[in-house]
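Working notes, beginning with the structure itself.
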Amino acid sequence: MKRAGVDVGGTFTDVVVLDEQEKVTEHKVPSDPSRLEHGVADGLLKTLGGRDKAADLGFLGHGTTVATNVTLERSGPRVALICTRGFRDIVEIARLAKPGSKLYTQKNVMPKPVVVRRDCFEVTERIDARGQVVAALDEGEVEAVLRQVVDRGITAVAVCLLFSFRNPAHERRIREIAARVAPSLEVSLSCEVWREFREYERASTTTLNSYLRPAAARYLANLQAVTGETFPSAALWVMQSNGGLTSAAAASEQPVRLVMSGPAGGVIGARYVADQTGLGDLLTVDMGGTSFDVSLLQSGTASLVDRQDVMGLPLQGRALDIMTIGSGGGSVAWVDGAGQFRVGPRSAGAIPGPACYGRGGTEPTVTDANLVLGLFDAEVPLAGGDLILDYDAAYRACEKLGTRLGLDPVETAWGIRTIVNAAMAGAVRTASVRRGLDPRDFAMLAFGGAGPLHAADIAAEMGIGEAVVPAVAGCFSALGIAITDAVHDLVHTESMAVDSGASDTARRHLTELITQGRDELRQSGIDDSLHHFECSVDMRYLGQNSTLNVPLRQSGRLDSSAEAFHAEHLRQFGHHGPDEPVELVNLRVRAVGAIGRRASSVESAKPSQPPIHGKRRVTVGDGETATAAYYERDKLSPGAQLEGPAIVSSSDTTIVVPPDARARVDGGGHLRISIPKAQGGRA
Amino acid sequence: MTDALDPVSLEVIRNGLLTAADEMKNVVLRTAYSNLWKEAGDLSCALLSTSGEVVAQGSADIPIHLPTMPYSFAGLIERFPLESMRPGDVFLHNDPYRGNNHLPDFFMLKPVFHSDTLLGFAAVRGHFIDVGGNGPGSYSSTAPDIQAEGFRIPPMRIWKEGVRNDELVELLATNVRNPRERLGDLHAQYAGCGTGERRLQALADKYGTASLLTAITGVLDDAETLARTKIAEIPDGRYEFQDFCDGDGIVNEPFVIRCVVEVSGSDVRIDFTGTSSQTQGGMNMALSVCFAACVYAIKALTDPESPANSGAYRPVTVTAPPGTVVNVTYPGAVVAGNHETSARVADCVTGALAAALPDRVVAAGAGSTGVLVYGGHHEDRDFICVEMHGAGQGGGLDADGGNAHRVSIANTGNTPVEALELAYPLTVLDYRISEDAGGAGRFRGGCGIQRRVRFDATGWITIVAERGSHPPYGLFGGQPAEPTRVVLTRAGGDVQELPTKTPPLLVHPGDELFLKCAGGGGYGPPQQRDRQALQDDLDDGYVTPRSARDRYGADIVRDVQRPDGQWVVR
């Protein structure tokens with residue numbers, strides 16, 4: 001049976017199909033927002049080769065923007081929140097501090113919660129820090145509140161009670177009561193959405209879940225109907241922010257896990273490339289029109305975080321660590337009030353867009369700069385579009401800005417590119433340094449429309465020796481979605497000193513978490529033989545606040561975890577205290593259903609000289625103008641070797657090989673650019 | 001503009017400096033021990049020029065921490081001249097009489113060399129949760145002089161050419177509570193300075209020492225140019241204002257802050273003649289702190305978005321008579337002046353400029369950090385819990401003040417209730433937005449917050465709050481916010497109203513504290529408030545029916561059938 005990954009974005013739907021021999025077929029088709037689910041089926045049929053091949057498909061992984069779109073448009077429904085008496089304001093008080101970027105701003109500085117105060121209700125109950133009930137749940141109040149919620153026409157309600165991560169009984173009881181008095185309400189419980197301490201973050205995550213549920217459930221039900229009919233043998237799986245798949249039913253209940261559904265595919269795609277190339281330590285860069293995403297893999301394993309920001313609001317839960325900055329092809333260059341040359345953060349977006357789009361933009365953008373520098377052809381339409389680029393408009397825009405800076409148009413364009421490359425290098429450095437890692441120990445993997453245009457220069461800026469552009473650069477997320485496993489991340493907060501009795505308590509909770517994980521995998525129809533469980537524990541020195549996550553044996557024995565904690569503390573922070581008391585904060589289980597594919601390493605290819613398609617004048621490197629060889633990527637076979645400066649063009653991206661660098665196509669079709677040990681300097 | 005350097009390199013280096021300051025902050029946060037740093041972020045990082053000006057600061061850093069750095073620097077090089085500094089040296093001090101904020105803020109400075117050339121300095125200022133003195137948390141405003149406020153550290157070379165001076169560290173550790181955690185934070189500071197050093201050196205490697213130094217000058221000069229174009233938008237004139245603080249806890253009598261702001265072209269001169277003499281307790285500040293509060297207010301009104309640095313502050317001159325609360329002389333105490341009186345300084349400058357910038361200004365915000373410290377010894381360990389309660393912004397010409405968020409010169413956040421109860425012997429009974437606390441107005445002031453806490457172990461509490469006697473002002477007909485209240489209810493039922501400054505006070509299991517901090521003032525006459533906005537306030541409970549009638553003059557009726565709320569504005 002074949003397996004497919006489909007990544008639906010706002011503009012394009014990307015489809016990748018793998019056959020039993022791991023041969024990859026890809027297709028990019030325009031998305032039609034009014035019938036996204038049909039777009040999935042149409043794109044798949046096209047890639048499979050027609051309706052008669054539909055039955056060959058056994059596995060359908062899906063990356064979706066349904067949750068992301070609701071957050072971007074703030075188009076979710078009115079939701080209600082039920083809290084412990086005395087604490088209805090937890091979501092508005094939040095963490096009290098202003099966002100760091102708004103310290104000097106005095107008006108409208110706080111992100112708006114998805115629930116308004118009038119819809120935050122209190123019920124009498126209290127559970128203490130040890131999980132003991134100190135005030136019973138007043139069920140009469142619960143009923144009255146639920147009736148009021150229904151009277152207001154609200155259909156989704158979140159419940160977040162203090163210390164429910166310790167003892168969820170009251171939250172569960174509220175759902176039972178709701179099933180009786182208001183059966184149509186969709187109820188999200190904080191102990192199920194994310195069972196960890198910190199009531200504000202938990203409430204925020206739970207209300208976001210309620211906010212996303214109706215749209216996600218509707219979309220996924222429609223999708224399941226369409227794909228079930230068209231591809232009768234294919235199981236439908238949905239990509240989560242944590243890089244693993246889940247069933248459509250589970251995704252409908254916890255859409256809060258889907259906000260990074262698409263980008264997560266790219267990071268898992270990187271794992272596939274890591275398997276093939278043996279490059280386990282990768283910094284991935286994905287540059288589009290308005291944003292630049294960075295993530296990091298060590299030994300082929302992607303870094304995870306426990307918190308994301310959505311609409312400025314915290315969303316707790318395991319997710320791939322994808323850091324985004326607002327630099328993209330559309331970033332606008334300008335001169336500030338002091339005459340300084342600046343690029344971004346404002347973006348020209350799609351309308352008016354870069355000057356070269358001819359849609360009314362007159363300010364130079366990064367895309368205009370790249371065009372003026374000769375890095376791509378005005379005549380080659382941009383990915384899938386019909387747009388012919390207007391070189392003269394780009395040139396004029398750079399010229400106009402340049403006059404104010406005393407630079408000629410090409411110098412201006414080179415300046416724009418240099419400034420944006422440095423900003424992106426800064427973001428990549430931050431992504432690695434904040435984890436205590438040296439970026440020079442990594443290779444860079446570049447995908448997305450504009451990533452390969454800049455990757456080698458960013459790598460050189462940081463002293464990274466190799467940049468890789470994968471074979472499936474344009475549909476890279478879809479590839480990741482096609483090959484990943486089912487993953488459920490579970491957590492239990494249990495703060496206690498690591499002493500003789502702690503291992504028993506840990507073992508008991510681990511067993512519970514594993515049982516819960518097994519149930520979830522079984523419900524998705526995954527056979528027990530494919531289950532495995534990765535246990536870990538968050539630890540800290542007693543009195544410290546933040547924690548480190550280290551592996552834990554299934555036996556629950558904590559001594560080896562404590563040793564690993566001391567070592568990791570030393571590695572990341574430069575100091576540790578082997579004699580200091582250690583505290584356990586959270587137990588974690590990652591329940592994996594091994595339904596994905598790992599790639600096998602590819603064989604090396606015999607060196608060959610590829611055909612040069614042409615020559616062109618480009619301005620690259622330190623600003624010198626040179627003649628670059630011009631190649632078409634689909635004519636480069638494994639083993640092809642080329643020297644910079646060179647431009648490699650394909651239907652969905654353009655790759656720049658800088659002067660002094662050389663590149664080769666490896667056995668997997670990945671373009672590997674070697675960058676001479678550059679000025680990169682100190683970490 | 002800088003002639004010697006092309007605009008592209010200048011911009012790349014400028015970004016590099018900003019990234020470096022953020023990177024320093026990341027490293028300090030990752031390595032710190034205390035809640036106050038890791039969870040609430042009470043520290044700031046900067047790169048300084050060779051003359052001690054702040055070139056780049058971390059993007060989320062605390063406003064009151066940064067503009068004082070050049071003063072701390074000047075105090076330090078008086079003792080250790082530049083020519084005595086060597087690579088690997090690290091300096092430390094906390095002395096408010098040598099340019100520091102207050103004793104808890106430790107200023108660490110590392111000179112950065114490239115070969116033999118001094119490139120500048122990496123500096124980290126962080127709030128140590130305890131520096132000895134009277135009561136856990138070293139936060140009593142009732143210490144009679146600077147010596148009583150805690151351990152005072154003159155400039156010292158704590159690392160000499162890369163080697164730590166263990167005797168000094170031991171002296172420090174002996175004089176603070178919970179020394180293990182304090183030393184953890186000290187090493188985090190050290191790690192942050194090292195990161196700043198490496199980034200500056202890397203920029204010099206890449207662009208050359210001369211270009212880097214030229215760029216640093218250019219970054220500062222350009223910030224000044226930009227600030228001057230913004231300040232020039234303020235109409236020239238002489239603007240005056242006065243506001244009050246509650247007292248210092250020794251004498252609970254209000255004292256006055258008075259300022260005259262003179263705007264002339266792109267220059268601003270602020271003078272505090274007429275301000276009260278310095279207090280016995282710690283409500284005073286050094287002139288450097290007063291300067292920091294003034295430039296906060298100017299930046300917030302003229303250019304809130306650009307990254308802050310010392311160049312942008314060059315157009316501002318601040319003067320005050322010595323011996324006043326805003327220009328303390330030895331041995332005046334300063335612990336609370338740093339954020340309580342200084343918040344009033346910012347309110348005063350803002351209030352003065354209201355007439356000049358009615359479209360940009362907002363009425364007074366909470367104007368206080370609202371600190372509650374609870375410390376003691378429980379189950380064989382020392383504990384110190386510090387929580388902030390000052391929140392709520394004033395209304396403006398076109399927007400209500402934000403509810404329940406920190407404002408003005410400080411931005412330290414809270415600790416989750418569940419984290420507090422897991423870590424400390426206390427129970428939070430409720431934690432709410434204070435209804436009606438925002439001043440009424442066409443645009444309402446933001447509501448503040450209130451909390452009721454039950455102490456479950458014997459310990460000491462210290463309170464440093466403000467706005468008990470003179471609540472945050474309204475503007476252009478807007479009403480002031482409701483004042484701050486502090487009430488202690490003893491386990492036996494005895495109820496006691498406490499002043500906003502409460503010296504270390506012994507509490508026992510079962511005692512309950514209610515702390516309600518002021519919100520923000522209103523803007524414009526309340527009668528002009530949009531009726532739908534008032535209806536929303538009633539439905540959301542930010543305004544009670546009584547206040548809708550009494551303060552807004554609204555005609556409201558009750559409709560028990562209405563699902564969104566029973567009160568309807570007619």
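- Under 4.0 Å is where a charged nitrogen must lie from a carboxylate oxygen, and between A:Arg126 and B:Glu421 at least one such pair does.
- For the residue pair B:Thr415 and A:Arg95, the shortest heavy atom distance occurs at CA-NH2, 4.4 Å.
- B:Asp540 and A:Arg88 get closest at one heavy-atom pair: O-NH2, 4.3 Å.
- The most heavy-atom pairs under 4.5 Å with chain A, out of B:Thr19, B:Asn411, B:Asn26, B:Thr427, come from B:Asn411.
- For a residue to count as touching a neighbouring chain, one of its non-hydrogen atoms must lie under 4.5 Å from one of that chain's; by this rule B:Glu305 touches chain A with the side chain only.
- Heavy-atom distances place the side chain of B:Ala391, and not its backbone, under 4.5 Å from chain A.
- For chain B, the option among A:Ile93, A:Ile419, A:Thr84, A:Asn108 with the highest count of heavy-atom pairs below 4.5 Å is A:Ile93.
- With rounding to the nearest 0.5 Å, the separation of CG in B:Asp537 from CZ in A:Arg118 is 9.0 Å.
- Nearest heavy atoms, B:Val428 versus A:Phe87: O-CZ, 3.4 Å.
- You'll find the side chain of B:Pro63 reaches within 4.5 Å of the side chain of A:Tyr104, heavy atoms only.
- For the set A:Met110, A:Arg117, A:Arg342, the count of heavy-atom pairs under 4.5 angstrom toward chain B peaks at A:Arg117.
- By number of non-hydrogen pairs under 4.5 angstrom with chain A, the leading residue of B:Asn15, B:Ile449, B:Leu18 is B:Ile449.
- Side chain to side chain, A:Tyr200 and B:Glu418 fail the donor-acceptor criterion of an N or O pair below 3.5 Å.
- Only the backbone of B:Leu429 has a heavy atom closer than 4.5 Å to any heavy atom of chain A.
- A donor-acceptor distance shorter than 3.5 angstrom exists from the side chain of A:Glu199 to the backbone of B:Val417, with no hydrogens or angles considered.
- Looking at A:Gln148, only its side chain comes within 4.5 Å of chain B, counting heavy atoms on both sides.
- Heavy-atom distances place the side chain of B:Tyr207, and not its backbone, under 4.5 Å from chain A.
- Applying the ring pair (Phe, Tyr, Trp, His ring centres under 6.0 Å) rule to A:Phe121 yields no partners; only residues at least two apart in sequence or on another chain are considered.
- Both the backbone and the side chain of B:Asp539 come within contact range of chain A, judged by heavy atoms closer than 4.5 Å.
- Distance CG/B:Leu422 to CZ/A:Phe197: 6.5 Å, rounded to 0.5 Å.
- At least one side-chain heavy atom of B:Ile433 sits less than 4.5 Å from a side-chain heavy atom of A:Glu92.
- Using a 4.5 Å cut-off between heavy atoms, B:Leu226 contacts chain A through both its backbone and its side chain.
- No part of B:Ala20 comes within reach of chain A, as not one of its non-hydrogen atoms sits under 4.5 angstrom from that chain.
- Within the 4.5 angstrom heavy-atom criterion, only side-chain atoms of A:Ser495, from C-beta onward, approach chain B.
- Annotation: side chain of A:Trp414 is in contact with side chain of B:Val8 (closest heavy-atom distance under 4.5 Å).
- Remark: B:Lys230 pairs with no residue by the salt bridge (charged side-chain N to carboxylate O under 4.0 Å, His left out) rule, at least two apart or across chains.
- Applying the 6.0 Å contact sphere to CZ of A:Arg130 captures no more than 12 heavy atoms from other residues, nucleotides or ligands.
- With a 4.5 angstrom heavy-atom cutoff, B:Gln393 touches chain A only via side-chain atoms.
- Counting heavy-atom pairs under 4.5 Å between each of B:Ala404, B:Gly394, B:Cys447, B:Ser306 and chain A puts B:Ala404 at the top.
- No part of A:Ile90 comes within reach of chain B, as not one of its non-hydrogen atoms sits under 4.5 angstrom from that chain.
- When heavy atoms are compared at a cutoff of 4.5 Å, B:Phe383 does not approach chain A at all.
- Interface remark: of the candidates A:Glu122, A:Glu580, A:Glu411, A:Glu580 forms the most heavy-atom pairs closer than 4.5 Å to chain B.
- Residue A:Arg78 touches chain B through its side chain alone, counting heavy-atom pairs closer than 4.5 Å.
- In this structure, the side chains of B:Asp22 and A:Thr430 stay at 4.5 Å or more apart for every pair of heavy atoms.
- Taking the side chain as every heavy atom from C-beta outward, B:Lys206 and A:Glu461 approach each other to under 4.5 Å.
- For the residue pair B:Tyr296 and A:Leu103, the shortest heavy atom distance occurs at OH-O, 2.9 Å.
- Here the closest non-hydrogen pair linking B:Tyr431 and A:Asp89 is O-CB, 4.4 Å.
- Taken from CG in A:Leu405 to CG in B:Asp6, the straight-line distance is 10.0 Å, to the nearest 0.5 Å.
- Nearest heavy atom pair, residue B:Arg180 against residue A:Tyr541, reads NH1-CB, 4.3 Å.
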Please lay out, stage by stage, how B:His405 and A:Leu96 fare under the test side-chain contact (heavy atoms from CB on, under 4.5 Å).
-> CA-CA 5 Å; B:His405 67 75; A:Leu96 214 57; 5.9 Å; no
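- When heavy atoms are compared at a cutoff of 4.5 Å, A:Lys107 approaches chain B solely by way of its side chain, counted from C-beta outward.
- Proximity to chain B is limited to the backbone of A:Ala94, based on heavy atoms less than 4.5 angstrom apart.
- Using a 4.5 Å cut-off between heavy atoms, B:Arg452 makes no contact with chain A at all.
- Both the backbone and the side chain of B:Asp536 come within less than 4.5 Å of a heavy atom in chain A.
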